[in-house]
Amino acid sequence: MAADVSTGIGQQVHAATSFTLEQVGKCFGAVVALRGLSVAFAAGTTTALIGSSGSGKSTVLRLLLGLEWPDQGCVRVDGRALERDQVLALRRRVGYVIQDGGLFPHLTVLGNLALLPRYLHWGRERIRARADELIALTALPPAVLTRYPAELSGGQRQRVALMRALMADPTALLLDEPLGALDPVVRHELQDELKAIFRRLGKTVVLVTHDLAEAAWFAPRLVLLRDGAVLQDGSLEDFRERPADSFVTRFVEAGRQLPERAR
Amino acid sequence: MKRWRSLLLVAAVLPGLAWAAPVRIGSKQFTESVILAEVARISAQDAGVPAVHERELGGTSILWAALRHGDIDVYPEYTGTLTHELLKGVAPDADIPTLRAALRPLGIGITDGLGFDNTYALGMREVRAEALGIRTISDLRAHAELRFGFSNEFMQRQDGWPGLRTRYGLPQTDVRGLDHTLSYRAVASGAVDVIDLYSTDAEIPYYHLRTLTDDLHYFPRYQAVYLYRLVLEHDAPAFMRVLRGLAGRIDEATMRRMNADVKLRGMRDGAVAAGLLGVHVDAEGTSFWPRLLARTLEHVRLVAISLGLALLLAVPLGILAARLRRLGQVVLGLTGMLQTVPSLAMFVFMIPLFGIGTWPAVAALFLYSLLPIVRNTHAGLVGIAPALRESAAALGLPPLRRLRTVELPLALRPILAGVKIAAVINVGTATLAALIGAGGYGQPILTGIRLNDIGLILEGAVPAAVLALLVQGVFELVERALTPRGLRLPARE
C-alpha cells in the first residue's frame, strides 16, 4: 500500500478546506429544499449528512460546489463568501463522487482520470504515476486503466470515481451516496476501504447517505436533516441517548433493524 | 456574393474582351421550348457566334428571373404568357410592338413572332368532325350531345372552359376533367368527343385530330417569340441578326412536326433543329459511362459542398440552441420553417441571390441540411444524462473544455445521424437542382419526364438511389469509426 498519497509526486500539500452554510434557503420552483439551514464543516473533519430522501442533503453538497446557488443566506469556503468567478478553481480542489460514479462512458478509466490533470497541463508521466498510486490505494488491478466504464463492475466503477475525485489531490472530498448503487457484499467491502482511505488522507470529508449505520461507521459526527433544516447534530451516542424529537428516535430505531456493525 | 463574383469577373476580363463569353440560351422544361432554344443555338453557331444552351431550367418564373438577372441572355417565350403572367398593366391582346415598348424599361427585347401560335384550342377526331361537319367552335352549338373532356387546368382557368362556354353559348352538359396526357387517348378511343389541346401538340397529327377554328377569337394569342437582354444589341450584333432572322420561319405545322419528331419518334432535339435550319450538326452525344461519370461528379459536388458548409454552421447553432434554451427554440423554429419551403420554390428563391447553376443549388441544399444537423446536435447535447453533465461541471473544467472533451463526444452519435439524414435527403433533393441548371442526376430525369422516356428517367433515378444508399453506408462506417468503443459496449450488470 502506498504510504502517504496526499503528498505524492511533488504535489504540494494543501491545507484542508472548511465550509460553512449560513441561514441558507433554497427553492426549486414550488419545492422548498432548504429553509434557513446553518451548518459548518471544519477543515480536516469527516461529517455524515443523513436524512430521508428529499430532506435536502444532496442540495447541501451541490451548494458547496457552486452547482447551485442559495436563494437566501451565504456559503463560505475557508471563511470567505463563495463568488461565481471562484467556482471553477474551487471545484478543482474539491473531489466529488456521486451515486453511480458519473464516469464518462466514452473514455477509458485512464481517460476519465486524466480529464482534469490534462487541463492542468500535467505531463503523461505524471498522470500515469498518480494513477498508479491511486490504483494501489483503491486496490484495483492495474489492468482496469485501459478498460471502459461499461466493462467494470459496480464496485470497480465507484473506486474509479473515487480515484478521479482524488487525482489532483483535492483538499476536500464530497460524496453523495457513494455506495448507494452497490450490492450489500461489495458495499460492505468498500465501506471498510473508504474509511481507511479517509483516515489516511486527512481531508475534509462530507458524506451524504440515508443509512444511519453507514454514516456512523464513517463519521464521528452525524448531521440529521429534515425538511431542509438541521434536526440534530452530534455523535451516534447523542442520537441514541438525547434524541431531539421522536423523529430522531424513529430514525435511529429504523437504523437498528439492520445488523449492527462493530465499531 | 453574386455581386462580388461579378465584380471579380469584370475586373479579370479586359473591357475589350467583355463579350468573349458565349451567348447563353435558356429553355423551359418542355419539348417545344428545348427545340426552339436549339434552333437559336445552332443558327448562332452556324453564323460563327459561340452559344451555349442551358437546358430545361424549369418553368416560366425561373427563366424570367434568370433573364432579368443576366444569367441567361435569350429564351423562347409566348406573348400570352407575357400579357397574362409576366407583365402588369398590359392589355391581354397586346401586339408585339406594344410588348416591346413595355419590355424595354426592363432591359429586355423581344423578336417578332416566329410564325406560329401555341394557344389553347379544341380538337376532335378528324373523321368524327368531318361526319358532323364541324370546322369551328361555333359549329359545336348545334351538337349538344357531344361529350367534352378537358384538362383540369383548362376547367378552372379564367381563359378556359367557363369563359369559353359563355362566349360561344355552348349547350353541352357532359363535361368532365381529365389528365392532359390521357385526354388524347380518351378522344382517340371515342370515350369523349372534344378535348382541349395546345395547338402545336405533337399528338394532334399522330391521333388524326382536327383543330377547331376559334372563330370568335376567344383564346388569347400565344405567339412564339424570343426574349433577349437588350445589351446583346450592342454586345453581340451578329447574334442579334441571326435571332431576328428566325422571325416568321416556323409555322404551326412545322412546329407540330418537330415536336412529334422529338417526342414521338425519339429524334434528338438538336438534330431536329438542325434539320429545320438545313444545317448539319455533329452527333455530339457522349457515350453512357463518361456521361454518368460527369453527372455523378456534378451531383456529388452539390451534395458535398452544401453538406460541408451546413456542418460548419449547423453544429455551432445546435450547441447554441442547447445552451440557451430560448434562443434554441427560435433557432429550431427557423430551421424547421426552412424545411417546409417546397424544394422547387427554394431553388427559385435562390436565383435572384446566386443566379443559376451550381451555387443557388448549393445554397438551397445547404438550407435544407441545417435542420437535421441542428436538431440532432441539440437533441444529442440535451439528451446527455444530467449526472454526466454535472460530473463534468464538478471536475472544475471550464464550459468550452467540457463541451470538447465530454459533451460533444457523448452527443457524437446523434450528431452523425443528423449529418447522415441531411446527406441522404440532399442526394434526393439535388435531383431537382437540374431545374436551375446545376446538372447532376436530375438532368436525365427531367429530360426523361419531358419525353416520357422511362429509360432516360431511370438513367438518373437509379444512380441517385444507389448514391443515396452508398452515402448511407459510408456514413455508417464513419459513425462506427468515430464512435468511441466505450459507447458501443453494452453496460455490465
Side-chain angles (χ1 to χ4, degrees), chain A residues 58 61-62 64-68 85-120 146-157 161 164-165 167-168 170 174-177 181-183 186, chain B residues 315 318-319 322-326 376-419 476-493:
Chain A
S58 295
L61 294 196
R62 298 164 50 78
L64 298 184
L65 281 169
L67 292 168
E68 302 285 354
D85 57 355
Q86 306 158 359
V87 160
L88 289 183
L90 169 71
R91 288 176 190 165
R92 292 198 278 270
R93 46 191 182 86
V94 175
Y96 182 51
V97 178
I98 58 174
Q99 178 162 341
D100 59 4
L103 296 182
F104 303 120
H106 64 294
L107 298 173
T108 61
V109 168
L110 190 59
N112 268 278
L113 299 182
L115 268 177
L116 178 58
R118 266 197 209 124
Y119 175 71
L120 300 173
T146 55
R147 303 245 176 87
Y148 285 93
E151 299 170 304
L152 305 181
S153 71
Q156 288 174 324
R157 278 204 286 270
R164 188 175 69 183
M167 269 307 271
L174 308 181
L175 303 103
D176 191 351
E177 300 274 11
L182 301 180
D183 68 69
V186 180
Chain B
V315 172
I319 294 170
R323 276 289 151 87
L324 308 170
R325 198 165 303 172
R326 200 154 305 159
N376 277 35
T377 306
H378 173 264
L381 289 174
V382 167
I384 294 174
L388 290 182
R389 212 174 312 136
E390 189 160 298
S391 287
L395 277 178
L397 298 176
L400 274 182
R401 183 87 175 187
R402 256 180 265 161
L403 186 70
R404 188 166 65 75
T405 56
V406 176
E407 292 168 16
L408 282 181
L410 285 176
L412 191 66
R413 270 183 158 180
I415 294 175
L416 283 177
V419 177
E476 247 134 60
L477 288 180
V478 169
E479 197 180 319
R480 194 164 285 252
L482 286 186
T483 309
R485 205 167 68 84
L487 289 180
R488 295 197 305 265
L489 294 167
R492 248 169 84 169
E493 291 172 323

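Chain letters run A, B, ... following the sequence lines, proteins first, then strands; residues in each count from 1.
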**Q.** Structural part of A/Tyr119 lying under 4.5 Å from a heavy atom of chain B
**A.** both
**Q.** Side chain / backbone / both / neither for B/Arg402 at chain A, heavy atoms under 4.5 Å
**A.** side chain
Q | For chain B, the option from A/Gly111, A/Pro105, A/Ala161 that forms the most heavy-atom pairs under 4.5 Å | A | A/Pro105
Q.
Quick check against the 3.5 Å criterion: does A/His106 have a side-chain atom that pairs as donor or acceptor with the backbone of B/Thr405?
A. yes
Q: Return the minimal non-hydrogen interatomic distance between B/Pro398 and A/Arg92, and the atom names on each side.
A: CD-NH1, 4.4 Å
Q) Is the closest side-chain heavy-atom distance between B/Pro409 and A/Leu107 below 4.5 Å? A) no
Q: Could you list all the salt bridge (Lys or Arg N to Asp or Glu O under 4.0 Å) pairs where at least one residue sits in residues 383-400 of chain B, not counting sequence neighbours?
A: A/Arg62-B/Glu390
Q.
Below 4.5 Å, heavy-atom pairs only: which of A/Leu174, A/Leu65, A/Ile98 has the largest tally toward chain B?
A. A/Ile98
Q. Which atom pair, heavy atoms only, marks the closest approach of A/Leu67 to B/Ala393?
A. CD2-CB, 3.9 Å
Q) Roughly how far apart are A/Arg118 CZ and B/Leu397 CG, rounded to 0.5 Å? A) 11.5 Å
Q: Please look at B/Ala392 and chain A and tell me whether the side chain, the backbone, both or neither of the residue comes under 4.5 angstrom of a heavy atom of that chain.
A: both
(Q) Which heavy atom of A/Phe104 sits nearest to which heavy atom of B/Leu395, and what is that distance? (A) CE1-CD1, 4.1 Å
**Q.** Non-hydrogen atoms of B/Ala394 and A/Arg91 that approach each other most closely
**A.** O-CB, 3.4 Å
